[in-house]
Amino acid sequence: METVANVLVGLVAALHAYILVLEMFLWERAPGRGLHGFDPEMARATAPLAANQGLYNGFLAAGLVWGLVADDPTGFRVQVFFLVCVVVAGVYGAVTANRRILFAQALPGALALAAVLIAR
């Protein structure tokens, strides 16, 4: 089960690294605009906000990687902390921005969190 948990944590970290790239570097290009259906003008106007969100997603990814490489008990605790952050951010985003965030971010985070807790 520990291997499954580590793979899920790694996938959530990769997801948040991808979101960092999308929001910080591709927001005004087709992949970023297509995510929310923005025209070039709206993408340009919201790019600083998206870049800020992308940076936060990068911190989540970095924390999850730290949790994977750190020895226990630190690694376990760091994974739990950052996965809880992912779930809370996903639920908040689903309530305030777009319901899809619940399935794209909160659900993978919750599944990884459950696997980490079960593997303990």
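- Across all their heavy atoms, Ala106 and Val91 have their closest contact at CB-N, 3.9 Å.
- Among residue pairs with one or both ends in residues 72-93, none qualify as side chain to side chain donor-acceptor pair (under 3.5 Å); sequence neighbours excluded.
- Residues passing the side-chain contact (heavy atoms from CB on, under 4.5 Å) test with Asp71: none are found, sequence neighbours excluded.
- Put simply, CG on Leu20 and CG on Leu15 are 11.5 Å apart, with the number rounded to the nearest 0.5 Å.
- Every residue meeting the side-chain contact (heavy atoms from CB on, under 4.5 Å) condition with Val88, not counting sequence neighbours, appears here in chain and number order: Val84.
- Linking ILVMFWY side-chain heavy atoms closer than 4.5 Å, directly or via other members, places Leu55 and Val21 in a single hydrophobic cluster.
- Scored by the side-chain contact (heavy atoms from CB on, under 4.5 Å) test, Ala13 finds Leu64, Val65 as partners (sequence neighbours excluded).
- Cluster membership check: Val78 shares its hydrophobic cluster with Leu117, using side-chain heavy-atom separations under 4.5 Å among Ile, Leu, Val, Met, Phe, Trp and Tyr.
- With a 6.0 Å radius and a threshold of 12 heavy atoms from other residues, nucleotides or ligands, Phe38 has its CZ atom above the threshold.
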Problem set entry | Residues Leu113, Val80; criterion side chain to side chain contact (heavy atoms under 4.5 Å, CB included); working and verdict | CA-CA 6 Å; Leu113 178 60; Val80 170; 4.1 Å; yes
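- Asn57 pairs by the side chain to side chain donor-acceptor pair (under 3.5 Å) definition with His16, Glu23, Gln105, not counting sequence neighbours.
- With rounding to the nearest 0.5 angstrom, the CG atom of Leu107 is 13.5 Å from the CD1 atom of Ile101.
- Residues Val4 and Val12 are members of separate hydrophobic clusters, defined by side-chain heavy-atom contacts under 4.5 angstrom among Ile, Leu, Val, Met, Phe, Trp and Tyr.
- To the nearest 0.5 angstrom, Gln53 atom CD is 11.5 Å from Met24 atom CE.
- Here the shortest heavy-atom pairing between Ala5 and Ala119 reads CB-CB, 4.1 Å.
- Hydrophobic clustering, with ILVMFWY side chains joined whenever heavy atoms are under 4.5 angstrom apart, groups Phe76 together with Leu68.
- Here the CG-CG distance, from Asn6 to Leu11, works out to 11.0 Å after rounding to the nearest 0.5 Å.
- Hydrophobic clustering (side-chain heavy atoms under 4.5 Å, transitive across Ile, Leu, Val, Met, Phe, Trp, Tyr) keeps Val87 apart from Phe81.
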Let me check something: any side-chain donor-acceptor pairs from residues 25-36 under 3.5 Å, sequence neighbours excluded? List them with distances.
| residue | atom | partner | partner atom | Å |
| --- | --- | --- | --- | --- |
| Trp27 | NE1 | Thr46 | OG1 | 2.9 |
| Arg29 | NH1 | Phe25 | O | 3.0 |
| Arg33 | NH1 | Glu28 | O | 2.8 |

